Q: 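Below are the C-alpha cells for one structure; questions will follow.
Here is the naming used below: chain letters follow the sequence lines, and residue numbers restart at 1 for every chain. What you are looking at is a predicted structure, and each value in this text was computed from that prediction instead of being measured. Hydrogens, waters and symmetry mates are skipped; everything else that's a heavy atom, side chains included, is used.
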2 protein chains.
Amino acid sequence: MNKLDPLLHQELRLAIISFLATVERADFKKLLEVTEATKGNLSVQISKLQDAKYIKVTKTFKGKYPHTQCAITPTGSKALEAYVMAIKNLLNL
Amino acid sequence: MNKLDPLLHQELRLAIISFLATVERADFKKLLEVTEATKGNLSVQISKLQDAKYIKVTKTFKGKYPHTQCAITPTGSKALEAYVMAIKNLLNL
DNA sequence: TTAATTTGGTTTATATTGTAAACTAGTTTA
DNA sequence: TAAACTAGTTTACAATATAAACCAAATTAA
C-alpha cells in the first residue's frame, strides 16, 4: 500500500503546508487567517511541522511585538509531493 | 474553509470507500486484501462507514461460513465526491 | 497611574480516535 | 478430539487533536 504520511494527513497541517507551498513565507497571523484555526491549534501544528523539518520557523520582532514566520523546506516540499501522489493514487485521480 | 469530512479523512476508511467506488461490491476478504489492514481495524472502520450509511453491509452465508459484502451507497458516493473536491481544493489540484 | 484590553503567541487537559490484541463462534483437518 | 483455520467482532490501550487556559509584553481607556 501507499501509506499516507500521517504528519501530513491532518487537515490543519495539510492546510498550513499546502498554503506555504504557494508562497515564499507566511506569518502566524496570515496562517490564522487562511486556515481559520484557533491560535492554540495553529501553534501546536506549526510545531509538529517544524519538528519534522517540513517547515522552517523564524521568530523575530516586528517593532515591539513577536513575529513568527514560516516557510516550507525542501524536505517539506518533497513530503507534500509524496503525499499528493499517494492520495491521488488512493482516490483514483 | 472547505472542511474535510472527518469520517472520510482517515486512511483506511478512505481506502475502503475509494475501492468500493470502483466495484459493484466487495467482501471482507477482498477488502482485507486490497487495504492490507488487520481484520479488527477493517471491521471497526466498516462499521463506522455503515453507521453513516456511506456503505451497505450484507451478511449472508457462503456455504457454512459467514460472508460479509459491502457496497457503496448513493450517500457514500456523494460524500466521497465532496471529499475529493475539498481535498483537491486544499491541495491546489 | 493603574486597570482593562489587545497582541501574539504557548501550554496542557480533555475528548476523540485509531489500532492491534484478544476474543467469539463455528468448521475443517489430522 | 485436539489443533488449526475461517470469518469476523469486541475492547483496551495508545496516539492524536483541539480548545481553553495561560503567559508576557504593549497599548488604550478611565
Side-chain angles (χ1 to χ4, degrees), chain A residues 1 3-20 25-52 54-71 79 83 86-87 90, chain B residues 1 3-20 25-52 54-71 79 83 86-87 90:
Chain A
M1 256 240 289
K3 272 284 290 163
L4 297 176
D5 181 341
L7 194 67
L8 293 187
H9 194 60
Q10 195 268 46
E11 184 160 19
L12 182 49
R13 287 195 298 270
L14 205 49
I16 294 167
I17 206 164
S18 317
F19 180 70
L20 289 179
R25 77 194 72 77
D27 60 17
F28 195 90
K29 199 175 180 179
K30 182 68 184 178
L31 289 174
L32 260 185
E33 182 191 313
V34 305
T35 63
E36 294 172 45
T38 58
K39 292 183 295 171
N41 197 5
L42 183 58
S43 177
V44 168
Q45 307 311 334
I46 283 177
S47 291
K48 290 187 181 180
L49 291 170
Q50 180 183 21
D51 292 349
Y54 283 9
I55 67 176
K56 189 167 161 297
V57 178
T58 313
K59 284 166 193 298
T60 59
F61 278 85
K62 187 181 185 176
K64 296 179 175 179
Y65 287 113
H67 192 229
T68 300
Q69 301 222 139
C70 302
Y83 178 86
I87 201 152
L90 191 63
Chain B
M1 260 239 288
K3 271 287 286 163
L4 297 176
D5 181 342
L7 193 68
L8 293 187
H9 194 61
Q10 198 266 41
E11 184 159 20
L12 182 50
R13 287 195 300 269
L14 205 49
I16 295 167
I17 206 164
S18 316
F19 179 71
L20 289 178
R25 77 193 73 77
D27 61 17
F28 195 90
K29 198 174 179 178
K30 182 70 184 174
L31 288 174
L32 260 185
E33 182 191 313
V34 305
T35 64
E36 294 171 46
T38 59
K39 292 183 294 172
N41 197 4
L42 183 58
S43 177
V44 168
Q45 307 311 335
I46 283 175
S47 292
K48 290 188 181 179
L49 290 170
Q50 180 182 20
D51 292 348
Y54 284 8
I55 67 175
K56 190 167 159 296
V57 178
T58 314
K59 283 165 194 298
T60 59
F61 278 86
K62 186 178 184 179
K64 296 183 174 176
Y65 289 114
H67 192 230
T68 300
Q69 301 221 142
C70 301
Y83 178 86
I87 201 152
L90 191 62

Q: Rounded to 10°, tell me the angle between the two end axes of the helix from C:dT1-D:dA30 to C:dA30-D:dT1, each built from five pairs.
A: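 Axis angle across the helix from C:dT1-D:dA30 to C:dA30-D:dT1, nearest 10°: 20°.
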Q: Rounded to whole Å, how long is the line connecting atom CD of A:E36 with atom C1' of D:dA19?
A: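 One finds 16 Å between C1' of D:dA19 and CD of A:E36, rounded.
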Q: Where is the tightest heavy-atom contact between A:L31 and A:C70, given as atom of each residue plus distance?
A: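 Looking at all heavy atoms of both residues, the shortest contact is CD1-SG, 3.9 Å.
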Q: Starting at NZ of B:K48 and ending at P of D:dT9, how long is that distance when rounded to a whole Å?
A: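 That distance rounds to 14 Å.
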Q: What integer distance in Å separates A:I16:CD1 from D:dT18:C1'?
A: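 Those two atoms, CD1 and C1', are 13 Å apart.
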Q: With respect to B:I16, which candidate in B:V34, B:L8, B:T35 satisfies the side chain to side chain contact (heavy atoms under 4.5 Å, CB included) definition?
A: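 For B:I16, the side chain to side chain contact (heavy atoms under 4.5 Å, CB included) check succeeds only for B:T35.
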Q: For B:L32 and C:dA20, give me the distance from atom CG to atom P, rounded to whole Å.
A: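 Going from B:L32 (CG) to C:dA20 (P), I get 12 Å.
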Q: Whole angstroms only, please: what is the CD-P distance between A:Q45 and D:dA15?
A: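 It is 17 Å, rounded to the nearest whole Å.
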Q: Ignoring backbone atoms, test whether A:R13 places a side-chain nitrogen or oxygen under 4.0 Å from the OP1 or OP2 oxygen of D:dA17.
A: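 So the side-chain polar atoms of A:R13 do come within 4.0 Å of the phosphate oxygens OP1 or OP2 of D:dA17, strictly under.
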Q: So does B:T38 get a side-chain nitrogen or oxygen closer than 4.0 Å to the phosphate oxygens (OP1/OP2) of C:dA20?
A: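 Looking at the OP1 and OP2 atoms of C:dA20, one of them is under 4.0 Å from a side-chain N or O of B:T38.
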Q: So does B:R25 get a backbone contact from the side chain of B:Q69, meaning a donor-acceptor N/O pair under 3.5 Å?
A: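 Checking the backbone N and O of B:R25 against the side chain of B:Q69, no donor-acceptor pair under 3.5 Å is found.
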Q: At their closest point, which heavy atom of B:L90 faces which heavy atom of A:E11, and how far apart are they?
A: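 Of all heavy-atom pairs spanning B:L90 and A:E11, the closest is CD2-O, 4.3 Å.
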Q: Restricting to non-hydrogen atoms, name the atom on A:L42 and the atom on A:F28 that form the minimum distance, rounded to 0.1 Å.
A: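 For A:L42 versus A:F28, the nearest heavy atoms are CD2-O, 3.6 Å.
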Q: Starting from C1' on C:dG18, measure out to CG on B:L14 and report it in whole angstrom.
A: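 It is 15 Å, rounded to the nearest whole Å.
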Q: Show the nearest heavy-atom pair for residues B:L4 and B:I87, with the distance to one decimal.
A: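 Result for this residue pair: CD2-N, 3.7 Å.
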Q: Is it the case that the side chain of A:S43 and the backbone of A:K39 share a donor-acceptor pair, with hydrogens and angles ignored and the cut-off at 3.5 Å?
A: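 Side chain of A:S43 to backbone of A:K39, a donor-acceptor pair under 3.5 Å: no, none is there.
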Q: Counting C-beta onward and ignoring hydrogens, is there a side-chain heavy-atom pair between B:F19 and B:K30 closer than 4.5 Å?
A: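 Yes. Closest side-chain heavy atoms under 4.5 Å.
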Q: Sub-3.5 Å donor-acceptor pair from the side chain of A:R13 to the main-chain atoms of A:L49, do we have one?
A: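 No; judged by distance alone, with no hydrogens or angles, the pair does not exist.
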Q: Students often get this wrong, so: under 4.0 angstrom with heavy atoms, is B:Q10 touching a base, only sugar-phosphate, or nothing?
A: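 Sugar-phosphate, backbone atoms only, no base.
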Q: If the sugar-phosphate is the primed atoms plus P, OP1 and OP2 and the base is the rest, what is the B/S/- string for nucleotides 1-12 of chain C, using protein heavy atoms under 4.0 Å?
A: ------BBBBBB
Q: Tell me the interatomic distance from B:E11, atom CD, to C:dT17, atom P, rounded to whole angstroms.
A: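 Taking CD of B:E11 and P of C:dT17, I get 18 Å after rounding.
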Q: Could you state the NZ-C1' distance from B:K64 to D:dC5, rounded to the nearest angstrom?
A: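 After rounding, the gap between these two atoms is 15 Å.
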